[in-house]
Amino acid sequence: PNLTVVKIDVQGNWMTPPVQLEATDKITTALCQVDAENSSVYQGLAIEYKDRIAAKEAEIKGKLAQADLSGVNVICADQQAGFVGWVGLNVVATYGEPDSLTPQVVRELVDTGREAGVTLIIDNLQSGQDAGKGIAEELGCNRIILSNFPGGFDDTETWEKAIDWNIELILGAIAQEASQKSRWIR
């Protein structure tokens, strides 16, 4: 009966560390306003969490630096565009939920993908995990499914585990593509 609802307005993909940091600040501010008596606890926990976010970002950036992702052209679900761009992949086009993918839209995405040399399609688990399947098949390229939230896949119940999962899927797909290219060259 005494529930207080506070809307937190944070733009961007919450899986990216910069957005996690911003959200942490805004959530902490809201908690401190509704429960001023415990504000020092909230602020202390926010500092600890922000340190974990910064450490995870540094770890991920280290992994990503070993792969040249800027030359990898992708088409992805619009809900993943912020994350995929943060990772460093080149997003050449995005698409919405499956019901927005009319034959004309799919054709335009396939044409764009061919023209740009797209090698990876990235779907979003929560907004239609198979939305890009037909596009990937038409382009003959790899496809992965990322999650926008912790808990979307087994053993991803925290933000840290969920972002690690997404990063491993991306790096695995890039490595697979590189392996396929090297076989074609021989």
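The analysis underlying the following values was restricted to heavy atoms, covering all of them including side chains, and did not include hydrogens, waters or symmetry mates.
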Problem set entry | K56 side chain near P17 side chain, heavy-atom distance below 4.5 Å | no
For this session: Apply side chain to side chain contact (heavy atoms under 4.5 Å, CB included) to the pair L101 and Y95, showing each step before the final yes or no.
Result: CA-CA 7 Å; L101 292 174; Y95 52 88; 3.6 Å; yes
Problem set entry | For V91 against G85, the heavy-atom pair lying closest together | CG2-N, 4.3 Å
Exercise. Of all heavy-atom pairs between T24 and A46, which one has the smallest distance, and what is that distance?
Worked result: CG2-CB, 3.9 Å
Exercise. Does the ring of W86 carry K61 above it, NZ/CZ under 6.0 angstrom from centre and within 45° of its axis?
Worked result: yes
Exercise. Does N166 reach the main-chain N or O of S147 with its side chain, forming a donor-acceptor pair under 3.5 Å?
Worked result: yes
Exercise. Do you know the tightest heavy-atom contact between N90 and S70?
Worked result: CB-O, 3.7 Å
Exercise. What distance do E59 atom CD and R52 atom CZ have between them, rounded to the nearest 0.5 Å?
Worked result: 12.5 Å
Exercise. Any side-chain heavy atom of T158 within less than 4.5 Å of one from P150?
Worked result: no
Exercise. Do the side chains of I170 and F83 get nearer than 4.5 Å, heavy atoms only?
Worked result: yes
Exercise. How far does CD1 of I144 sit from CD of Q176, to the nearest 0.5 angstrom?
Worked result: 10.5 Å
For this session: Scan side-chain atoms only and decide if Y42 and D35 contain a donor-acceptor pair under the 3.5 Å cut-off.
Result: yes
Exercise. What are the two closest non-hydrogen atoms of V105 and S100, and how far apart are they?
Worked result: CG2-O, 3.8 Å
Problem set entry | Shortest non-hydrogen contact from C141 toward T119 | CB-O, 3.4 Å
Exercise. Can you tell me how far the CG atom of L45 sits from the CD1 atom of I27, to the nearest 0.5 Å?
Worked result: 12.5 Å
Problem set entry | Atom of M15, atom of F149 and distance for their closest heavy-atom approach | SD-N, 4.2 Å
Exercise. Rounded to the nearest 0.5 Å, how far does OG1 of T29 lie from CD of Q43?
Worked result: 8.0 Å
Problem set entry | I163-W14 co-clustered via ILVMFWY side chain contacts under 4.5 Å | no
Exercise. Do I122 and V106 share a hydrophobic cluster, counting only Ile, Leu, Val, Met, Phe, Trp and Tyr and linking them when any side-chain heavy atoms are less than 4.5 Å apart?
Worked result: no
Problem set entry | Carboxylate-amine/guanidinium contact E137 R143, below 4.0 Å | no
For this session: Calculate, to the nearest 0.5 Å, the distance between atoms OG1 and CD belonging to T16 and E22 respectively.
Result: 9.0 Å
Exercise. Between K161 and D154, is the closest basic N to carboxylate O distance under 4.0 Å?
Worked result: no
For this session: For a side-chain hydrogen bond (donor to acceptor under 3.5 Å, both in side chains) with N124, tell me which candidate from E97, Q79, Q80 qualifies.
Result: Q80
Exercise. Do L120 and I174 have side-chain heavy atoms sitting under 4.5 Å apart?
Worked result: yes
For this session: Kindly work out whether a path of hydrophobic side-chain contacts (I/L/V/M/F/W/Y, heavy atoms less than 4.5 Å apart) joins I145 to I121.
Result: no
For this session: State whether a side-chain donor-acceptor pair under 3.5 Å links Q129 with D123.
Result: no
Exercise. NZ of K26: more than 12 outside heavy atoms within 6.0 angstrom?
Worked result: yes
Exercise. Would you call K50 and D25 a side-chain contact if the rule is heavy atoms closer than 4.5 Å?
Worked result: yes
Problem set entry | Connected via hydrophobic side-chain network under 4.5 Å: V19 and I167 | no
For this session: Check whether any side-chain heavy atom of L109 sits under 4.5 Å from a side-chain heavy atom of E138, and report yes or no.
Result: no
For this session: Indicate yes or no: at least one non-hydrogen side-chain atom of K63 is less than 4.5 angstrom from one of E168.
Result: yes
Problem set entry | Single-linkage hydrophobic cluster L31~Y49, side-chain heavy atoms < 4.5 angstrom | no
Seminar exercise, completed: Rounded to the nearest 0.5 angstrom, the OG1-CD1 distance for T28 and I8 is 9.0 Å
Exercise. So do I75 and T94 actually touch side chain to side chain, heavy atoms under 4.5 Å?
Worked result: no
For this session: Could you point out which residue of N142, L89, V87 forms a side-chain contact (heavy atoms from CB on, under 4.5 Å) with V74?
Result: L89
Exercise. Is it true that atom CD of E108 has more than 12 heavy atoms of other residues, nucleotides or ligands lying nearer than 6.0 Å?
Worked result: yes
